[in-house]
Amino acid sequence: MADVSFARAPDDQRTKGLDKPGADPAQDDDWSWAAPGLRRGRLRVRSLLAQRWLAVAGQTLAILFVGLVLKLQVPWALCFALIALSAWLNVLLGLASTGQRLAREGEATAQIAFDILQLAGLLYLTGGAQNVFCLLLIAPVTLAAATLPARFALGLGLLAIACQIALAFLHMPVPVLQGAPPAPGPTAPMMITMVMARILGIVITGAYAWQAASESARMELALNVTETVLAREQRLSALGALAAAAAHELGTPLATISVVAREMARNAPDEQTREDAELMIGQAARCREILQRLTEMPEAQDAVHERMSLVQLVQDVIEPHLVHGVRVEAVVNGPSGETAPDIWRRPEVIHAMTSIVENAVDFARAEVLVIARFDARSVVIEVRDDGAGFSPEVLAKLGEPYVTTRPGAEGSRTGHIGMGLGFFIAKTLLERTGAAVDFRNGRRGGAVVSARWPRSALEAPGYTGA
């Protein structure tokens, strides 16, 4: 079994914030770099107008069908007056604003409230709570719950419930055939049951829509943060390649400048010109030193920048966390006689695994172990700590956004405040590279996080360049 093991002794230094490589910005208290704050879906004016035109068409067809086909006595004038009022409102709103504009929260609330009251008016004219179309009062409440802040959605829900209760007591007779006696109304227990069922429908449907929309908004924000993190890591990686290219390209002109400056210094007609030439020689030498340091960066040591060894990967992963008072050790092993494969340098893999190690360091008692294993079919990287492990409540939801038990900055070794996005970002980034991510507790205690890739997903083909 090929085995490579390396570790660093811990010291008493502590770091804070994002000044170390691989730090997780999602867990810092400065969110100015991230996506905008959590926002629920907002309605365009065109969407409100479209759904109201749909309601106008449906109400018109229902009244015509009941009156002309079923031959029931319907208060035509009053019903069509209410429908015309809704249509005229749509016409005025369409002329007054651009349909692509987002409706303000108060504006959308007022329009949905109008829709509830207009529908309640039609129901009042056609039998009140005895009209089966009372169920339609659920629709505007659902729309409000999915798109408006809680206080507005709650107010519209209460308005719909109040209309349901009022329609049980205040309404015109149910339409009947001309000349037929009035239809007998339901008994009091039946009426109470009908009203309660509709109120329950409003509450349950509104709550479901609210929860679904909130989770969607939270997930969207978390994914935006993930994309921001990945973009940052890719920019940092690209800077390494740019530095290596700059060092290579600028070497020749700097050498030319040095040669010319020496000639100028040797043949200078006066002391001032000689001093200027020597200054140019010194500055060119300084530039060469800077470029030399850039070429000595880990990103520029590879024969091809996009490649790195599996050993180098685990070294990069543990490097930022060797200063937090916890022993961090890494082991790379595989089949006997085989060397660790070269893999593609993936910023998302480096960032995600660094974030997972950081979390392990925060919760470990004294030691964190990073194990990289490879065989002919797969590559596995596993992070173990000797802490208390995941609680059952956290383990059931781990990998979802906004799930955390990380202590505040004062009680955290790494100085990061738990925002509940670190594991979500890490899991999302790893899965995008083709990894299967697993969270569990070890048999001997402690938390275990592993990522498994098909070897073909990570391994870089053999490099044959000079």
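Every value quoted in this text rests on a predicted model; they were computed, and no experiment measured them. Starting from 1, each residue takes its place in the sequence as its number.
To the nearest 0.5 Å, atom CG of residue Leu158 and atom CD1 of residue Ile199 are 10.5 Å apart. With rounding to the nearest 0.5 angstrom, the CH2 atom of Trp53 is 15.5 Å from the CZ atom of Arg46. The CH2 atom of Trp453 lies 14.0 Å from the CD atom of Glu459; values are rounded to the nearest 0.5 Å. Here the OG1-CG distance, from Thr109 to Leu159, works out to 11.0 Å after rounding to the nearest 0.5 Å. Atoms CG and OG1, on Leu143 and Thr205 in that order, are 13.0 Å from each other to the nearest 0.5 Å. Summarising the geometry, atom CG belonging to Leu458 is positioned 11.0 Å from atom CE belonging to Met308; distances are rounded to the nearest 0.5 Å.
Side-chain contact between Ser450 and Arg384 is absent, with no heavy atoms from C-beta onward closer than 4.5 Å. Counting heavy atoms from C-beta outward, Ile112 and Leu148 have side chains that approach closer than 4.5 Å. Side-chain contact between Leu369 and Ile371: present, with at least one pair of heavy atoms (C-beta onward) separated by less than 4.5 Å. Side-chain contact between Trp344 and Val349 is absent, with no heavy-atom pair separated by less than 4.5 Å. Two residues are said to be in side-chain contact when any heavy atoms from C-beta on lie closer than 4.5 Å; Arg52 and Phe114 meet this criterion. By the 4.5 Å heavy-atom criterion applied to side chains, Arg346 and Ile350 are not counted as neighbours. His351 places none of its side-chain heavy atoms less than 4.5 Å from the side chain of Glu348. The shortest side-chain heavy-atom distance between Ile161 and Leu137 does not fall under the 4.5 Å cut-off.
When all heavy atoms of Val141 and Leu156 are compared, the closest pair comes out as CG2-O, 4.0 Å. Taking both residues in full, the closest heavy atoms of Thr354 and Asp316 are given as OG1-O, 4.3 Å, listed atom of the first, atom of the second, then distance. Taking every heavy atom of both residues into account, Ala108 and Ala103 meet most closely at CB-CB, 4.2 Å. Between Ala435 and Ala451, the shortest heavy-atom contact is CB-CB, 4.3 Å. Residues Ile318 and Leu322 come closest through the heavy atom pair O-CG, 3.4 Å. The minimum heavy-atom distance linking Ala277 with Ala265 is given by the pair CB-N, 3.6 Å.
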Exercise for review: Output, in order, the C-alpha distance, side-chain angles, deciding distance and verdict of side-chain contact (heavy atoms from CB on, under 4.5 Å) for Val45 and Glu107.
Suggested key: CA-CA 9 Å; Val45 172; Glu107 177 185 359; 4.0 Å; yes
Point to revise | Test side-chain contact (heavy atoms from CB on, under 4.5 Å) applied to Leu48 and Arg44, step by step | key: CA-CA 7 Å; Leu48 288 168; Arg44 289 181 299 174; over 6 Å; no
Practice item. Test His321 against Val368 for side-chain contact (heavy atoms from CB on, under 4.5 Å), laying out the working first. Key: CA-CA 10 Å; His321 309 298; Val368 173; over 6 Å; no
Practice item. Kindly determine whether Val361 and Val328 satisfy side-chain contact (heavy atoms from CB on, under 4.5 Å), including the steps that lead there. Key: CA-CA 8 Å; Val361 168; Val328 183; 4.1 Å; yes
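Without hydrogens or angle criteria, Thr433 side chain to Leu430 main chain gives a donor-acceptor distance under 3.5 Å. Side chain of Asp386 to main chain of Glu367: a donor-acceptor pair is present (N/O by atom type, distance under 3.5 Å, no hydrogens or angles). The backbone N or O of Ala447 lies less than 3.5 Å from no partner atom in the side chain of Asn441, so there is not a single donor-acceptor pair.
Checked against side chain to side chain contact (heavy atoms under 4.5 Å, CB included), Arg198 has the following partners two or more places apart in sequence or in another chain: Ala129, Cys134, Leu135, Gln164, Met194. Take Phe439 and apply the ring pair (Phe, Tyr, Trp, His ring centres under 6.0 Å) test, not counting sequence neighbours, and it matches Phe423.
Salt-bridge check for Asp342 with Arg307: passed, with a basic side-chain N closer than 4.0 Å to an acidic carboxylate O. A salt bridge does not link Arg373 with Asp375: none of the charged nitrogens is closer than 4.0 Å to a carboxylate oxygen.
Donor-acceptor pairing under 3.5 Å is lacking for the side chains of Asp276 and Thr273. Between the side chains of Gln312 and Arg345, no donor N or O sits under 3.5 Å from an acceptor N or O.
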Return all side-chain donor-acceptor pairs below 3.5 angstrom for residues 278-285, not counting sequence neighbours, or 'none' if the list is empty.
unit_1: Glu278; atom_1: OE1; unit_2: Arg274; atom_2: NH1; d: 3.4
unit_1: Glu278; atom_1: OE2; unit_2: Arg274; atom_2: NH1; d: 2.5

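Within 6.0 Å of CZ on Arg455 lie more than 12 heavy atoms contributed by other residues, nucleotides or ligands.
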